[in-house]
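Below, all heavy atoms of this structure are taken into account, side chains as well, without hydrogens, waters or symmetry copies.
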Amino acid sequence: MNRSLFIKSATMLAIMGCNFSSVPAMNEKTGIVTTALAAGPASYLTEEQVIPLMKKIPIDTNGYIVEDIYLDETIAFGQNGAVWTSYWVKEKGGNESLYIDVDAKTGKLVQFTKSTDDQNKEAAVDIISEEEALKKAEAFINTVAPEVQGHISKANEYQVDDSTPPQVMNHVFHFVRVENEIPFLENYLQVIVDSQGEIGTYSRKWYDGELPSPVPAISAEEAGRRWDESVKPALHYVYTGEQIGKYGFPQKKMILAYAYDEKAPVFIDAMTNQPMTILGESISQHSRISIGTSTRTLGKEQKKLTDPDRQGELYAIHLPPTEESKKWLFKRNGGYYISFGWLKQGIPVQNLETGVTVDPVNGEVKGMHIFPAYQPLEMIQVQKARIDEQKAKQVEKGNKELRLTYFMPHSEWRNGTYLVSREPKLVYRMVGDDGVVDADSGKWVSYTAYKQSKIPKDIAVHPHYLELLYAVKDGYFPVTNSKLDPDQPVTRGEFLRILLKAQQSYDFFPDYYEVAGDEQFFTDIDKGHPLYETVQDAIERGLIQKTTSNKQFDPDRNLTNAGANEMIAGLLQGNREKKEALSVAGQPTKILTKADVARLLMELKAYAKSIDKE
């Protein structure tokens, strides 16, 4: 099961045992849970030393000031030491900010993120090509990490376990660590270059300790035979992207698939020939989790736990925390913290978990926290497997190859700490496309292909290419199978959804809000209609007026200039000079396409920028 979705986008909190006291704390400005240190080793750089080093990094810090900086004794982004974490803001105001983390001993850049306000960017500019972006990414690495030259792969040569969402305009590059011609897939440099050629994100996952011997004790042929007989993918309900419903509403898509969780044998230890889990456990060191209800002993709290159930049941997740983790968890929670997973008709649901804190004296439940799934249990469609695990393994082998690699065990990020020790190992594993096997169709479901399918391929020669691309990037138009269909008419229902999003993005809010109430506002949009809540919000925000007569909204009718102008008038009601701000050109009866709406959205963005300067 992929745990990367639980990892914070900035610094991960992990108490791995230290020689001085630490207290978990929430940084109010960044919202990141950190560990405040009582003292630090003398070898750490001081705050006065580290800020000038940060300013020497090839990042534009002109006009920025350090609003917050602290020493964070964590295992951040694969590091095995402390980091200085800093938060920078514009000195004269503005919504742009920088996050810069450097190694507390060496001052080397560990992580960088630039947060920008798209509203304040130029409306339509040329977009840098992938070739140009790669040159900038390589030049950046040469400056901030020259020592890795000769120790990294070509850009995107290997797939990595990365939760970065599809990038429509930015360019994402991963440079995987390679030692002794052996790839280390959990160690890499990530560089994201934005559409204007600026470095938007950099992160370094790099283990600085000693690596295992590069000489395996078994051959690839032996490992292949062991993989065939020992590796066992299991059925799970897993998230595989989104499906676009009517009016452009995205819905999370979960399917029944063969995948690997933290207890499944998935690798072959290159030194012992034993199957290994993603936690780095030998298969002989544990028994498979028993699947079944585990709520019986929770007493009066059982009903609370099963309230979100709806056709599901709990099972205990038995994990091997380190001694340091157990002490820290006990201290933080005031008791034992037990993790439960959820089942849908006996099958685990990916990432849907409940954590329970139990009082160590009386055994009563003190509290619980539910980690949301991508889709509620009751909305997951019950599916049946049409292929067995052996067929699933053959499909996997058709999309990957067994290779010798270094491997860093997954950290099992739960409740703010690592639950396993992290030491690299030498293993044989399947390397290639990231994905799962659909248990119904028997086909390979590629996560890489899914990300690519969200980038439109049918607008490259369109006269309004840039406007369409920005509309996709900002989430106004969904892309399916790499197609946007730019000249397709937009319906009134689609346009209402788009304007509601634009109002929230560009702060076009009315002076007052109307309480819509819980009633049917149009005869063709009842409470079961997918647009019902959108209509409620639109009425409250003044985009449309509710009706007391038998009136229809006609959400499926194509949008005309007249209809668009009527809704835009509601959108701009709280802004002065609204009548002259923008207009929809052409005849009132002209039907608007996605390209027309994309142009209109660009006008709205420019107008929002102009009034923001006043």
Side-chain angles (χ1 to χ4, degrees), residues 5 118 127 130 159 162-172 195 237-257 350 373-375 379-381 383 399 433-502 505 529-531 533-534 555-559 591-602:
L5 298 173
D118 283 343
I127 297 173
E130 185 171 7
Q159 295 289 326
D162 175 56
S163 59
T164 304
Q167 302 287 306
V168 176
M169 298 173 68
N170 298 337
H171 301 278
V172 182
S195 56
Y237 282 102
V238 303
Y239 169 66
T240 57
E242 64 182 9
Q243 52 194 8
I244 304 301
K246 206 169 186 180
Y247 313 112
F249 289 125
Q251 295 178 331
K252 301 299 182 184
K253 183 180 181 182
M254 297 195 78
I255 66 170
L256 185 64
Q350 184 187 54
Y374 295 106
Q375 200 173 67
M379 294 183 64
I380 299 175
Q381 182 180 358
Q383 302 166 49
N399 290 273
D433 193 18
D434 187 20
V436 294
V437 179
D438 189 319
D440 177 42
S441 67
K443 294 182 178 179
W444 181 253
V445 180
S446 169
Y447 293 144
T448 305
Y450 165 73
K451 287 185 179 182
Q452 290 298 317
S453 75
K454 295 301 174 182
I455 301 175
K457 305 293 186 182
D458 59 346
I459 64 172
V461 297
H462 198 282
H464 303 303
Y465 165 73
L466 282 175
E467 291 90 341
L468 287 162
L469 205 55
Y470 271 96
V472 172
K473 176 182 178 292
D474 293 339
Y476 292 108
F477 291 138
V479 177
T480 303
N481 297 326
S482 300
K483 293 184 65 177
L484 180 59
D485 294 322
D487 297 317
Q488 181 185 62
V490 174
T491 66
R492 287 170 53 82
E494 289 176 301
F495 190 66
L496 185 63
R497 172 191 62 82
I498 289 170
L499 275 196
L500 195 62
K501 180 177 176 61
S505 298
H529 196 282
L531 274 175
E533 292 184 358
T534 301
D556 299 315
R557 182 156 53 89
N558 288 336
L559 178 72
I591 294 175
L592 300 188
T593 66
K594 290 181 179 178
D596 294 325
V597 173
R599 292 174 61 197
L600 179 60
L601 288 168
M602 196 65 79

A.B. asks: Measure across Arg497 and Pro478 and return the closest heavy-atom pair with its distance rounded to 0.1 Å.
C.D. replies: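 The answer is NH2-CD, 4.3 Å.
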A.B. asks: Working to the nearest 0.5 Å, report the span between CG of Asp474 and CG of Leu469.
C.D. replies: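 Output value for this atom pair is 10.0 Å.
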A.B. asks: Would Asp556 and Lys246 count as a salt bridge (Lys or Arg N to Asp or Glu O under 4.0 Å) if you check the C-alpha gap in whole Å, the side-chain angles of each, and the deciding distance to 0.1 Å?
C.D. replies: CA-CA 10 Å; Asp556 299 315; Lys246 206 169 186 180; 3.4 Å; yes
A.B. asks: For Ser482, what residues pass the side-chain hydrogen bond (donor to acceptor under 3.5 Å, both in side chains) criterion, not counting sequence neighbours?
C.D. replies: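 Counting only residues at least two positions away or on another chain, Ser482 forms no side-chain hydrogen bond (donor to acceptor under 3.5 Å, both in side chains).
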A.B. asks: Please tell me if the side chains of Pro165 and Gln167 come closer than 4.5 Å, counting only heavy atoms from C-beta onward.
C.D. replies: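 Yes, close enough: below the 4.5 Å cut-off.
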A.B. asks: Are there over 12 heavy-atom neighbours, none belonging to Arg492, within less than 6.0 Å of that residue's CZ?
C.D. replies: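 Buried by this count: over 12 neighbours within 6.0 Å.
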A.B. asks: With side chains defined as the heavy atoms from C-beta onward, is the minimum distance between Met169 and Tyr470 less than 4.5 Å?
C.D. replies: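 Touching, per the 4.5 Å side-chain cut-off.
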A.B. asks: Quick check on Gln381: does its CD atom have over 12 non-hydrogen neighbours (other residues, nucleotides or ligands) under 6.0 Å away?
C.D. replies: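 No - once you tally the heavy atoms of other residues, nucleotides and ligands closer than 6.0 Å, there are 12 at most.
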A.B. asks: What are the two closest heavy atoms between Met254 and Tyr237, and how far apart are they?
C.D. replies: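 Nearest heavy atoms, Met254 then Tyr237: CE-O, 3.5 Å.
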A.B. asks: With rounding to the nearest 0.5 angstrom, report the NZ to CD distance, Lys594 to Glu494.
C.D. replies: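 If I round to the nearest 0.5 Å, the distance is 6.5 Å.
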A.B. asks: Under 4.5 Å between any side-chain heavy atoms of Val436 and Thr240, yes or no?
C.D. replies: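 They are in contact (side-chain heavy atoms under 4.5 Å apart), so the answer is yes.
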A.B. asks: Compare every heavy atom of Tyr447 with every heavy atom of Tyr239, then report the nearest pair and how far apart it is.
C.D. replies: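 Shortest heavy-atom contact: O-OH, 3.6 Å.
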A.B. asks: Just distance, no hydrogens or angles: give the donor-acceptor pairs under 3.5 Å from side chains in residues 454-465, sequence neighbours left out.
C.D. replies:
{"from": "Lys454", "atom 1": "NZ", "to": "Val479", "atom 2": "O", "distance (Å)": "3.0"}
{"from": "Asp458", "atom 1": "OD1", "to": "Leu484", "atom 2": "N", "distance (Å)": "3.0"}
{"from": "Asp458", "atom 1": "OD2", "to": "Leu484", "atom 2": "N", "distance (Å)": "3.1"}
{"from": "Asp458", "atom 1": "OD2", "to": "Asp485", "atom 2": "N", "distance (Å)": "2.9"}
{"from": "His462", "atom 1": "ND1", "to": "His464", "atom 2": "N", "distance (Å)": "3.0"}
{"from": "His462", "atom 1": "NE2", "to": "Asp487", "atom 2": "OD1", "distance (Å)": "3.0"}

A.B. asks: Distance-only, no hydrogens or angles: does the Gln383 side chain make a donor-acceptor pair with backbone N or O of Leu256 under 3.5 Å?
C.D. replies: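 Present.
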A.B. asks: Grab the two heavy atoms, one from Leu601 and one from Ala502, that are nearest each other, plus how far apart they are.
C.D. replies: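 Scanning both residues, the minimum pair turns out to be CD2-CB, 4.2 Å.
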A.B. asks: Is any side-chain heavy atom of Thr534 less than 4.5 Å from a side-chain heavy atom of Phe249?
C.D. replies: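 They are in side-chain contact.
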A.B. asks: Which value, rounded to the nearest 0.5 Å, describes the distance between Ile591 atom CD1 and Gln488 atom CD?
C.D. replies: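 Spacing of CD1 (Ile591) from CD (Gln488) equals 12.0 Å.
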A.B. asks: Please find the pair of heavy atoms, one from Ser195 and one from Asn170, that lie closest to each other, and give the distance.
C.D. replies: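 Looking at all heavy atoms of both residues, the closest pair is N-OD1, 3.4 Å.
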A.B. asks: Which value, rounded to the nearest 0.5 Å, describes the distance between Asp596 atom CG and Leu559 atom CG?
C.D. replies: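 Between atom CG of Asp596 and atom CG of Leu559 there are 9.0 Å.
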A.B. asks: A side-chain contact here means heavy atoms from C-beta on lying under 4.5 Å apart; do Val437 and Trp444 qualify?
C.D. replies: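 Yes - at least one pair of side-chain heavy atoms lies under 4.5 Å apart.
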A.B. asks: To the nearest 0.5 Å, what is the distance between CG on Leu466 and NZ on Lys473?
C.D. replies: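 If I round to the nearest 0.5 Å, the distance is 12.5 Å.
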A.B. asks: Can you list everything that forms a side-chain hydrogen bond (donor to acceptor under 3.5 Å, both in side chains) with Lys443? Sequence neighbours excluded, please.
C.D. replies: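 Once residues adjacent in sequence are excluded, Lys443 has no partner under the side-chain hydrogen bond (donor to acceptor under 3.5 Å, both in side chains) criterion.
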A.B. asks: What heavy-atom pair brings Pro486 and Leu468 nearest, and what distance separates the two atoms?
C.D. replies: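 Taking every non-hydrogen atom into account, CB-CD1, 3.5 Å.
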A.B. asks: A quick test of your reading: do over 12 heavy atoms of other residues, nucleotides or ligands sit less than 6.0 Å from CD of Glu533?
C.D. replies: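 Count not over threshold, so no.
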A.B. asks: Flag the pair Phe477 / Val597 as yes when at least one side-chain heavy-atom distance between them is below 4.5 Å, and no otherwise.
C.D. replies: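 Side-chain contact under 4.5 Å: yes.
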A.B. asks: How long is the span from the CG atom in Leu499 to the OG atom in Ser505, to the nearest 0.5 Å?
C.D. replies: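 Result: 11.0 Å between the selected atoms.
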A.B. asks: With the side chain counted from C-beta on, respond yes when Lys451 and Asp434 share a heavy-atom pair under 4.5 Å apart, and no when they do not.
C.D. replies: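 Result no, sub-4.5 Å side-chain heavy-atom pair not found.
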